[in-house]
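Contents: one structure, followed by commentary.
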2 protein chains.
Amino acid sequence: MDNKEKILQTALYLYSNNGFDSVGIQDIVDRSGVTKPTLYHYFNSKEGLIEELLDSQYHNLIRRLNISANYSGDLPLTINKTVKTFFNFAKNNREYYRILLYLQYLPVDNRWSEVSREYILKIFKTLDDMFEKMATHHGNLKGKNKNLTVSFMGVINSYINLYLNDPGKLNEDLAFTVSHQFMHGIYA
Amino acid sequence: MDNKEKILQTALYLYSNNGFDSVGIQDIVDRSGVTKPTLYHYFNSKEGLIEELLDSQYHNLIRRLNISANYSGDLPLTINKTVKTFFNFAKNNREYYRILLYLQYLPVDNRWSEVSREYILKIFKTLDDMFEKMATHHGNLKGKNKNLTVSFMGVINSYINLYLNDPGKLNEDLAFTVSHQFMHGIYA
DNA sequence: TTTTTTGTATACCTAAAGGTATAATAGTTG
DNA sequence: CAACTATTATACCTTTAGGTATACAAAAAA
């Protein structure tokens, strides 16, 4: 692993557990076994480092999401696949997903909120499209895409936030339960 | 309004829009028209200020929540009242609730995460008790309280997070929609 | 083989953070 | 009125933050 990769890994670890503001460049270079100029050589600034960090695993998430959210007639299957995609991605990229969660609820004027907004929006857009397509077959969903997207992300992220330290819980069973409850409510 | 109150108001405003780490004591005292020793006289430290800030409106929330979450036989009514309680509280205490949201998704090792954990847990506990009581009348909810609490908070906070800048949207209609969907799923 | 680029370390800079020593003022209590 | 307590301002402290000027070694290009 070269120095650049080492820095990215360390930054991911530290930022994920403490947040961007609580981790200094010095902390990162110390833990990576390099010095500041090395970091600045590769990333130019703290912001540059964070941007590259966010970018690094994001396309992976979007790619998977596009596959599972690609509705073509079977609503329960699509919902379940999408829940599983989120759970699996979060399980396999715990540190990264923790950052994504943290960014999603950052105050609006926060410096880092802007850096990440496009990423969050893209995820929402993908789900919104999914629900819109679903509405063509299920009339009762018509016009509700936004609400559905918000509910869906809310439930998913709430579970992930809770179980991120115990990722074994984010399994197929829970994914099924969550999908089922989302579709049929708490009585069923 | 005395200086202490002025400081609290300013801190609430600034922290709510930027997060704790992005706002310095200097920013707060400048905007309050006082000087540092005044702030330190009343609050001892940044942490002390934040603790008092969190405390200031928290009991209000818990009080209301205890009333609406007090299940006594009518599940849909209780759910709906509780959703409305959250929406109304968030609407009437936007800055405060924004901080609560932000704290809920902070990385675990973050300095401020600890300060706020008990508050978040108390809210979860109240809802958990509500769902447990409900399960005595609705057998199919039995043993699901934790999942129900997580889903419930997830959906509620996701909506609030989205509409906090446009709080007119957090109205009774949306509360009804959210309650209904929570109970009966997206098909209904 | 010379030259240039890439990568890295030492040592430093400036700004801003949280916090305080000291002293003055105002109000309260004896 | 005297003593004391609560409240405030000036000016300062220390630490840490992000970032950089300079110099040097290795590798790639000429």
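Counting non-hydrogen atoms under 4.0 angstrom, A:Val29 reaches nothing in the nucleic acid.
If you chain together hydrophobic residues whose side chains sit under 4.5 Å apart, B:Val108 and A:Tyr163 never meet in one group.
Between A:Lys133 and A:Asp129 there is no salt bridge, since no side-chain N of the basic residue sits under 4.0 Å from a carboxylate O of the acidic one.
Remark: P of D:dT10 and CD of B:Gln26 are 12 Å apart, rounded to the nearest angstrom. Taking atom NZ of residue A:Lys6 and atom C1' of nucleotide C:dG7, one finds them 13 Å apart after rounding to whole Å. To the nearest angstrom, P of D:dC12 lies 21 Å from CD1 of B:Ile25. Atoms CG (B:Asp27) and P (C:dA15) sit 17 Å apart, rounded to a whole Å. As a whole-Å value, the separation of B:Ile7 CD1 from D:dT7 C1' is 11 Å. Between A:Lys36 atom NZ and D:dA17 atom C1' the separation is 7 Å, expressed in whole Å. Regarding B:Phe43, its CZ atom lies at a distance of 11 Å from the P atom of D:dT8, rounded to whole Å. Between the CG atom of A:Asp30 and the P atom of C:dA9 there is a distance of 11 Å, given to the nearest Å.
Phosphate contact (OP1/OP2 of D:dT8, side-chain N/O of B:Asn3, threshold under 4.0 Å): present. In this structure, B:Thr38 reaches the D:dA9 phosphate: one of its side-chain N or O atoms is under 4.0 Å from OP1 or OP2. At the phosphate of C:dT8, neither OP1 nor OP2 sits under 4.0 Å from any side-chain N or O atom of A:Tyr40. Contact between the side-chain N/O atoms of B:His41 and the OP1/OP2 oxygens of D:dT8 is not found at any separation under 4.0 Å.
Within the 4.5 Å cutoff, side-chain heavy atoms of A:Leu65 are placed close to those of A:Phe86.
Distances were taken from every side-chain heavy atom of B:Pro37 (C-beta onward) to each of C:dA9, D:dG18, D:dT10; the shortest belongs to D:dT10.
In summary, the aromatic rings of B:Tyr102 and B:Tyr15 are positioned with their centroids too far apart to meet the 6.0 Å limit.
The number of heavy-atom neighbours closer than 6.0 Å to CD of B:Glu47, taken from other residues, nucleotides and ligands shown, is above 12.
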